[in-house]
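Heads up: the structure comes next, in structure tokens.
So you know, we letter chains A, B, ... as the sequences are listed, proteins then strands, and number each from 1. Not measured: the values here are computed from a predicted model.
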Number of protein chains: 2
Amino acid sequence: MPRMSEAEKQRSHNRILDAAAQLFRERGVEATSVADVMKAAGMTHGGFYRHFESKEDLIATAFWHAVDDVVSDMEREETSEGRKKERQGYIAKYLSQAHAQDSRNGCPLAAMGTELARTTGAPHQVGAQALDRMAALLQDTSETGSGQGLAAMALLMGTITLARLTESEEEADRALEAGRTAIGLLQDYWPKERS
Amino acid sequence: MPRMSEAEKQRSHNRILDAAAQLFRERGVEATSVADVMKAAGMTHGGFYRHFESKEDLIATAFWHAVDDVVSDMEREETSEGRKKERQGYIAKYLSQAHAQDSRNGCPLAAMGTELARTTGAPHQVGAQALDRMAALLQDTSETGSGQGLAAMALLMGTITLARLTESEEEADRALEAGRTAIGLLQDYWPKERS
DNA sequence: CATTTAAGATTACATGTATCATCTAAATTA
DNA sequence: TAATTTAGATGATACATGTAATCTTAAATG
């Protein structure tokens, strides 16, 4: 069947990336094989190494692809006022039953963070970069680097992990509700820069 | 070499459990093979099925073993005043560089939570049970079921995950410090039961 | 139109996997 | 002490894994 045009190769490449980004989040990185990814992308595993150097390469690239996917909308917002508005919506979506039940399309850090932390090399690096990016988005207007964005990120990630760990929707809801309350406290009471 | 006395079998059993509890936390559940565990326990893989029905069985049992190990000290404290005191120490240890760097002996939920959430059956169940247990310990004196314990657990888990994801001790420290501040806010400002 | 190129399929490889049947020697028990 | 039991070792199974060489065919190039 090969060979295909440059444009079609790009499309294949993106299909692999999309499939990997979804499967890695849904089943985990270790639990997903290169063959699984290629099958989900509608190909056989043979062609894989025309697109990526190794599975490790795919992990880093697909993870970053997922981060872009989830985060770039909000980054386009230029004014800090516009962001503040969007941030509330983003947080509400993040702490929703829908997000808890759809890890496939959800926060890549929540789904793969633990696994990336255990890695060394490129996958670990992009994980750390993603953290910077997302914490910056969660940072409330005024002071950057106060740690409030980091705390918010930790709380969000922790909360969906708990919600996904529960055994009923009611319990998941209790976790999500607790997360919402806690995020509110961080926003309302985080100490001002003393300087 | 076999056969060994009943007492020695128990000791073997515990060695397997300890090894599994450590390796699962350090490398992850999927990334750890039954053979790895048995080798770390000083045995060959053949004897494994005299002790456990399956790897899934081991996962659930070893996870619970780790939870007991980490949590049972604090549960022995009877009075809620005694617990309150201990809780602060527990939280300080949890949000420490030492804990971030030693997942092997650290919080089982932080290390395996995401993976357990993806499981079905016994491993998922014990994960949910562990959450109940730990959230109860983090619950501040007064009102149970307010969700404050859940939020605290989410924050703690999220924070070490972030600390482990960073690429330098300084960044890890920033995450841990943010977590400490946030925990304080939860304790100080969590809304009283309206009733 | 002929030649070259390369995307993806096919196949192969060596290794790792969970599981289990069988073997062994020592502890139990009769 | 003799017979029985069984913990753990050995080895085999059947399959999944990451990687790579090779083949096929259509696109790109001349």
Between [atom2] of [N] and [atom1] of [X], the distance in whole Å:
X: B/Met38; N: D/dG11; atom1: CE; atom2: P; answer: 16 Å
X: B/Arg27; N: C/dG16; atom1: CZ; atom2: P; answer: 13 Å
X: B/Gln10; N: D/dT6; atom1: CD; atom2: P; answer: 16 Å
X: A/Asn14; N: C/dA7; atom1: CG; atom2: C1'; answer: 15 Å
X: B/Lys39; N: D/dG8; atom1: NZ; atom2: P; answer: 18 Å
X: A/Met43; N: C/dA6; atom1: CE; atom2: P; answer: 19 Å
X: A/Asp57; N: D/dA20; atom1: CG; atom2: P; answer: 12 Å
X: A/Phe52; N: C/dG8; atom1: CZ; atom2: P; answer: 11 Å

Completion exercise
From the list A/Lys84, A/Arg87, A/Arg83, salt bridge (charged side-chain N to carboxylate O under 4.0 Å, His left out) with A/Asp140 holds only for A/Arg87
Check [X] against [Y] and note the closest heavy-atom contact, atom names and distance.
X: B/Met157; Y: A/Leu162; answer: SD-CD2, 3.5 Å
X: A/Leu138; Y: A/Tyr90; answer: CD2-CD2, 4.5 Å
X: B/Pro108; Y: B/Val70; answer: CD-CG2, 4.1 Å
X: B/Phe63; Y: B/Leu109; answer: CZ-CD2, 3.9 Å
X: B/Arg27; Y: B/Asp36; answer: NH1-OD2, 3.6 Å
X: A/Leu165; Y: B/Gly113; answer: CD1-O, 3.6 Å

Handout entry: Presence of A/Ser12 side-chain N/O under 4.0 Å of C/dA7 phosphate oxygens OP1/OP2
Key = no
Handout entry: Inter-axis angle, terminal five-pair segments of the helix from C/dC1-D/dG30 to C/dA30-D/dT1 [nearest 10°]
Key = 10°
Practice task
May I ask you to check whether B/Thr181 and A/Gln148 show a side-chain donor-acceptor distance below 3.5 Å?
Solution key: no
Practice task
Report yes or no: do A/Asn14 and A/His65 form a side-chain donor-acceptor pair below 3.5 Å?
Solution key: no
Practice task
Mind telling me whether B/His51 and B/His13 have parallel, tilted or perpendicular rings, with 30° and 60° as the class edges?
Solution key: tilted
Exercise for the section: Give a yes or no on whether the backbone of B/Gln129 and the side-chain of B/Arg133 come within a donor-acceptor separation of less than 3.5 Å. Expected result: no
What pairs of nitrogen or oxygen atoms, one from the protein and one from nucleotides 15-19 of chain D, lie under 3.5 Å apart?
from   : atom 1 : to      : atom 2 : distance (Å)
D/dT17 : OP2    : A/Ser33 : OG     : 3.4
D/dG18 : OP1    : A/Lys55 : NZ     : 3.0
D/dG18 : OP2    : A/Val34 : N      : 3.0
D/dT19 : OP2    : A/Tyr49 : OH     : 2.6
D/dT19 : OP2    : A/Lys55 : N      : 3.0
D/dT19 : O5'    : A/Tyr49 : OH     : 3.1

Practice task
Report the nucleotide, chosen from D/dG8, C/dA7, D/dA9, that has the shortest atom-to-atom distance to any side-chain atom of A/Arg50.
Solution key: C/dA7
Problem - Nucleotide nearest B/Lys9 (side chain, heavy atoms from C-beta), chosen from C/dG8, D/dA7, C/dA9 - result: D/dA7
Are there any protein N/O atoms within less than 3.5 Å of an N/O atom in nucleotides 27-29 of chain C, and if so, which ones and at what distance?
none

